There are 2 protein chains.
Amino acid sequence: MKMLEKRILDDGRALDENTLLVDSFLNHQVDMVLMREIGKAFAKHFRASQITKIVTVESSGIAPAGMTALTLNVPLVIMKKLASRVVDGQYYQVNVQSFTKKTQYELSVLKKYLKEGERVLLIDDFLAMGEAAIGVSRIMNEAKCELAGIGIVIEKTFQPGRSRLDDLGFDVFSLARIAEMAPGHIRFM
Amino acid sequence: MKMLEKRILDDGRALDENTLLVDSFLNHQVDMVLMREIGKAFAKHFRASQITKIVTVESSGIAPAGMTALTLNVPLVIMKKLASRVVDGQYYQVNVQSFTKKTQYELSVLKKYLKEGERVLLIDDFLAMGEAAIGVSRIMNEAKCELAGIGIVIEKTFQPGRSRLDDLGFDVFSLARIAEMAPGHIRFM
């Protein structure tokens, strides 16, 4: 997506080979006009996939996921990052280890918002190691839903997430694919 | 806002006199078409207020705040709830005690996204005790920004937040104002 790549070059900042700051337009300050165009791009790619629901993981994915849900006219479900397990059985939960942030959390969603047979599209802001997406896919298995697509705003292709998700057979569509970066330098695929 | 009040009556659930569940359309599963109409309603009310930026507190306010930002064509800034203080001076931070959830957090925003003289509109999903809004107003004072308006999706008028914000002289506009509730019963102002 040219508009997004240009914005990353203009306003993003590579801190080192692995860390990209995009907090001026994506995950702290948010440009909603850009998010609307991102939503349209995801909707165009996945329109034939008969999506019944969008899911995202709080909180940086909510803006692009919401605009995709609006364009496809389906509900958005925001999965929560809870610190501990809920014991009352109302939730699907899987433990996710975030190597990037060196944290872990219980990825959680109320069972009633994932009905058997739903075709779910996951939208997330970044793909690096793929931990969150694999956590979502495990919940979809448990809920007997189909993870029909994964839409990523910014993919770091040099980290293992993309190939892990490809190996699992998912339809992964990334709007900006970074091949390599360093301070002052960002190159796309 | 009639569309919102009807949705609260149809799909909301009062657990007791103080607790309203709206997780089927506002803060877990999200109806983005409703969020778009909510954004339009906030934009209409605050259009004359010369707003330069929307702020919200992660994460339930992001969807309605984002749609308001899109309608008014201004940036959205998502304030973070951090567990501890950041020591490097890049952030404005205030400690917020949430009586509703019995938690506390450091409401945090990068200083560079609040420039002196900005006219800021806070959008949040609920108004109960008003702790988050008062925290935001303290940050605006520190940043020499004007908190030019507060837009609330659902106000519990019987809790102290509304009168605290009125006493401080803020322009508070709520789309649904609940006068009283109990299991099976919700009455609007």
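Every chain is numbered from 1 and lettered A, B, ... according to where its sequence line falls, protein lines coming before strand lines. What you see is a predicted model, and the numbers here were worked out from it, not measured in a lab.
Using a 4.5 Å cut-off between non-hydrogen atoms, the part of residues 55-62 of chain B that approaches chain A consists of B:Glu58, B:Ser59, B:Ile62. Applying a 4.5 Å heavy-atom cutoff, the residues of residues 104-125 of chain B that approach chain A are B:Ser108, B:Val109, B:Leu110, B:Lys112, B:Tyr113.
Here A:Met67 is the residue among A:Met35, A:Met79, A:Met67 with the most heavy-atom pairs under 4.5 Å with chain B. Put simply, of B:Asp23, B:Val33, B:Asn27, the one with the most heavy-atom pairs under 4.5 Å next to chain A is B:Asp23.
A:Ile150 and A:Val94 fall within a single hydrophobic cluster, where Ile, Leu, Val, Met, Phe, Trp and Tyr are joined by side-chain heavy atoms under 4.5 Å apart, directly or via other members. No continuous path of hydrophobic side-chain contacts links A:Phe126 to A:Val96 [ILVMFWY only; heavy atoms under 4.5 Å]. The cluster map of Ile, Leu, Val, Met, Phe, Trp and Tyr, joined by side-chain heavy atoms under 4.5 Å apart, puts B:Leu168 and B:Phe173 in different clusters. Cluster annotation: B:Leu15 is not connected to B:Leu20 through the hydrophobic network of ILVMFWY side chains, with a link wherever side-chain heavy atoms come within less than 4.5 Å. Criterion: ILVMFWY side-chain heavy atoms under 4.5 Å apart, direct or through other members. Under it, B:Val22 and B:Met189 are not part of a common hydrophobic cluster.
Across every non-hydrogen atom of B:Gly66 and A:Met32, the tightest pair is O-CG, 3.4 Å.
The CG atom of B:Leu34 sits 11.0 Å away from atom CG of A:Leu70, with the distance rounded to the nearest 0.5 Å.
The backbone N or O of A:Val77 lies less than 3.5 Å from no partner atom in the side chain of B:His28, so there is not a single donor-acceptor pair.
Heavy-atom contacts from other residues, nucleotides or ligands closer than 6.0 Å to CG of A:Asp167 number more than 12. The environment of A:Arg177 atom CZ is dense: over 12 non-hydrogen atoms of other residues, nucleotides or ligands sit within 6.0 angstrom.
Looking at B:Asn73, only its side chain comes within 4.5 Å of chain A, counting heavy atoms on both sides.
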